[in-house]
Number of protein chains: 2
Amino acid sequence: MARSASSQPTEVELQILRILWQSGGSTAREVHNALAAAEAKETNYSTTVKMLAVMLEKGLVKRDESASPQIFSAATSQKATQRRMLGDLIDKVYDGSALSLVLQALSSRKATAGELTEVRRMLDELEKLRQPRPDHE
Amino acid sequence: MARSASSQPTEVELQILRILWQSGGSTAREVHNALAAAEAKETNYSTTVKMLAVMLEKGLVKRDESASPQIFSAATSQKATQRRMLGDLIDKVYDGSALSLVLQALSSRKATAGELTEVRRMLDELEKLRQPRPDHE
DNA sequence: TTGACGTAGCGAATTCTTTCGCTACACTCA
DNA sequence: TGAGTGTAGCGAAAGAATTCGCTACGTCAA
């Protein structure tokens with residue numbers, strides 16, 4: 001039976017997901033090579049295949065079996081995964097305060113002027129959105 | 001020998017750290033109670049003690065043995081841990097782009113007007129800081 | 001056909017985290 | 001003093017994630 005994908009993807013799973021997000025879809029061999037290239041990871045090819053099998057069982061990846069060799073791709077978008085993991089971090093490490101996370105992200109990593117401008121633009125947009133509906137559940 | 005604290009604190013370790021950050025220092029019993037209160041965690045008291053021992057070995061917590069009962073406290077500040085974990089998330093899930101994390105944090109969790117103002121203030125400050133030293137490593 | 005090479009998959013070993021049972025020791029108070 | 005209560009610690013079980021060895025099967029070229 002498929003294991004539940006209850007919690008966050010693990011370390012290695014995340015590495016694989018990143019590869020798949022970037023490529024859009026890869027064979028096991030391609031994933032393995034990318035993995036080896038990215039990290040100093042010197043794992044066996046069958047380890048990669050096993051990880052893909054586990055992830056398939058968990059529902060983290062999809063597989064096109066009609067293709068040969070089979071093509072794996074991420075089951076969830078990068079955005080959705082980011083959102084989930086971000087929310088998790090906020091809850092667990094920032095006591096639920098998105099604000100303090102944002103402030104820390106802004107201050108700790110030095111942003112370029114262009115990036116700051118971008119953030120301002122986002123702020124403007126958010127405040128525009130607030131006007132029409134001053135209060136909603 | 002002390003295990004290396006190479007990677008991130010694990011799930012339970014983080015829960016314990018949160019308790020210690022909040023209290024500033026607690027006995028094993030206090031940690032255990034807080035743990036039980038926070039989660040529906042119904043773990044044995046000796047499990048908590050063991051976790052503290054493991055975390056001590058990893059260097060995640062400090063212990064005042066002169067006190068009785070002993071007092072445990074976090075070895076690293078919440079801020080420092082936040083910074084490390086945030087950096088980690090940015091690297092691993094946001095391809096190193098702090099900007100896109102910030103934008104997503106702002107857009108996905110609806111912020112209050114006050115919070116948005118706060119972010120603006122931070123932006124102002126950051127841009128002020130940029131002026132005097134237009135470029136530095 | 002058959003040998004070389006690559007993909008696919010299973011089961012089990014290894015490693016790390018989380019859990020607990022059991023023991024020892026200190027302290028208190030009737 | 002000694003029964004009761006609580007802290008401290010050890011070693012090992014249970015669980016989860018990661019790794020690999022070995023086998024089966026397809027394809028392709030000599």
Side-chain angles (χ1 to χ4, degrees), chain A residues 1-20 25-36 38-73 85 92, chain B residues 1-20 23 25-36 38-73 92:
Chain A
M1 291 298 111
R3 305 183 203 177
S4 68
S6 56
S7 59
Q8 305 297 57
T10 67
E11 192 65 23
V12 181
E13 286 169 355
L14 205 49
Q15 286 175 16
I16 292 179
L17 283 179
R18 276 205 292 169
I19 291 164
L20 295 180
S26 306
T27 65
R29 174 62 61 183
E30 285 164 355
V31 169
H32 181 66
N33 291 343
L35 217 42
E39 319 287 314
K41 273 275 183 189
E42 288 205 12
T43 63
N44 203 296
Y45 171 70
S46 66
T47 298
T48 302
V49 170
K50 182 61 164 186
M51 283 309 304
L52 286 170
V54 168
M55 291 173 75
L56 187 65
E57 217 191 329
K58 286 187 183 176
L60 288 173
V61 300
K62 289 176 300 186
R63 175 171 66 171
D64 179 356
E65 307 188 32
S66 70
S68 174
Q70 306 174 341
I71 301 287
F72 292 88
S73 55
M85 295 191 70
K92 288 189 192 149
Chain B
M1 290 299 109
R3 305 183 201 176
S4 68
S6 56
S7 58
Q8 304 299 54
T10 67
E11 193 63 24
V12 182
E13 286 169 354
L14 206 48
Q15 286 176 16
I16 291 179
L17 284 178
R18 276 204 292 169
I19 290 165
L20 295 180
S23 70
S26 306
T27 65
R29 175 63 59 183
E30 286 166 354
V31 169
H32 181 65
N33 291 343
L35 217 42
E39 320 287 314
K41 274 275 184 190
E42 288 205 13
T43 64
N44 203 296
Y45 171 70
S46 65
T47 300
T48 302
V49 170
K50 182 60 164 186
M51 284 308 305
L52 286 169
V54 168
M55 291 172 75
L56 186 64
E57 218 191 328
K58 285 186 181 178
L60 287 173
V61 300
K62 289 176 300 185
R63 175 172 66 171
D64 179 356
E65 306 187 33
S66 70
S68 175
Q70 307 174 341
I71 303 286
F72 292 87
S73 55
K92 289 189 190 147

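All figures in this text were calculated on a predicted structure; none of them were measured in a lab. Letters A, B, ... mirror the listed sequences (proteins, then strands); counts begin at 1.
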**Student:** Do B:Thr43 and B:His32 have side chains that approach each other closer than 4.5 Å (heavy atoms only, starting at C-beta)?
**Tutor:** yes
**Student:** Take atom CE of B:Met51 and atom P of D:dA14, then tell me their distance rounded to the nearest Å.
**Tutor:** 19 Å
**Student:** Given atom CG of A:Leu56 and atom P of C:dC10, what is their separation to the nearest angstrom?
**Tutor:** 11 Å
**Student:** CD of A:Glu57 versus C1' of C:dG9: gap in Å, rounded?
**Tutor:** 12 Å
**Student:** Quick one: is A:Gln70 getting a side-chain N or O under 4.0 Å of the C:dA8 phosphate, OP1 or OP2?
**Tutor:** yes
**Student:** Between A:Ser68 and A:Glu11, just flag the one whose closest nucleotide in DNA chain D comes earlier from the 5' side.
**Tutor:** A:Glu11
**Student:** Give the B/S/- string for nucleotides 20-25 of chain C, one per nucleotide from 5' to 3', where a protein heavy atom under 4.0 Å of the base yields B, of only the sugar-phosphate yields S, and otherwise -.
**Tutor:** BB----
**Student:** Taking the side chain as every heavy atom from C-beta outward, state whether A:Val61 and A:Leu17 have any pair of such atoms under 4.5 Å apart.
**Tutor:** yes
**Student:** Would you please name every residue forming a salt bridge (charged side-chain N to carboxylate O under 4.0 Å, His left out) with A:Lys62, sequence neighbours left out?
**Tutor:** none
**Student:** Which nucleotide in the set C:dG9, D:dT19, D:dG9 lies at the smallest distance from any side-chain heavy atom of A:Val12?
**Tutor:** D:dT19
**Student:** Which residues pass the side-chain contact (heavy atoms from CB on, under 4.5 Å) test with B:Ser23, not counting sequence neighbours?
**Tutor:** B:Leu20, B:Ser26
**Student:** From CE of A:Met55 over to P of D:dA16, roughly how many Å is that when rounded to an integer?
**Tutor:** 18 Å
**Student:** CD/A:Glu13 to CE/A:Met55 distance, rounded to the nearest 0.5 angstrom?
**Tutor:** 5.0 Å
**Student:** For the pair made of CD in A:Glu65 and P in C:dT7, what is the distance, rounded to whole Å?
**Tutor:** 17 Å
**Student:** With sequence neighbours excluded, what pairs up with A:Ile71 under the side-chain contact (heavy atoms from CB on, under 4.5 Å) test?
**Tutor:** A:Thr27, A:Asp64, A:Ala67
**Student:** Holding to side-chain contact (heavy atoms from CB on, under 4.5 Å), I want the full list of residues that pass it with A:Ala38, two or more places apart in sequence or in another chain.
**Tutor:** none
**Student:** Do any of residues 26-35 of chain B sit with a heavy atom less than 4.0 Å from DNA chain C, and if so which?
**Tutor:** none
**Student:** In this structure, how many angstroms lie between the P atom of C:dT7 and the CG atom of A:Asp64, rounded?
**Tutor:** 16 Å
**Student:** Report yes if some heavy atom in the side chain of B:Met51 is under 4.5 Å from a heavy atom in the side chain of B:Leu35; otherwise report no.
**Tutor:** no
**Student:** Could you state the CD-P distance from B:Gln8 to C:dC16, rounded to the nearest angstrom?
**Tutor:** 17 Å
**Student:** Can you tell me how far the NZ atom of B:Lys92 sits from the CD atom of A:Glu11, to the nearest 0.5 Å?
**Tutor:** 3.5 Å
**Student:** For the side chain of A:Thr10, starting at C-beta, report the closest nucleotide among C:dT17, D:dA8, D:dA17.
**Tutor:** D:dA17
**Student:** Can you measure A:Leu14 atom CG to D:dT18 atom C1' for me and round it to whole angstrom units?
**Tutor:** 15 Å
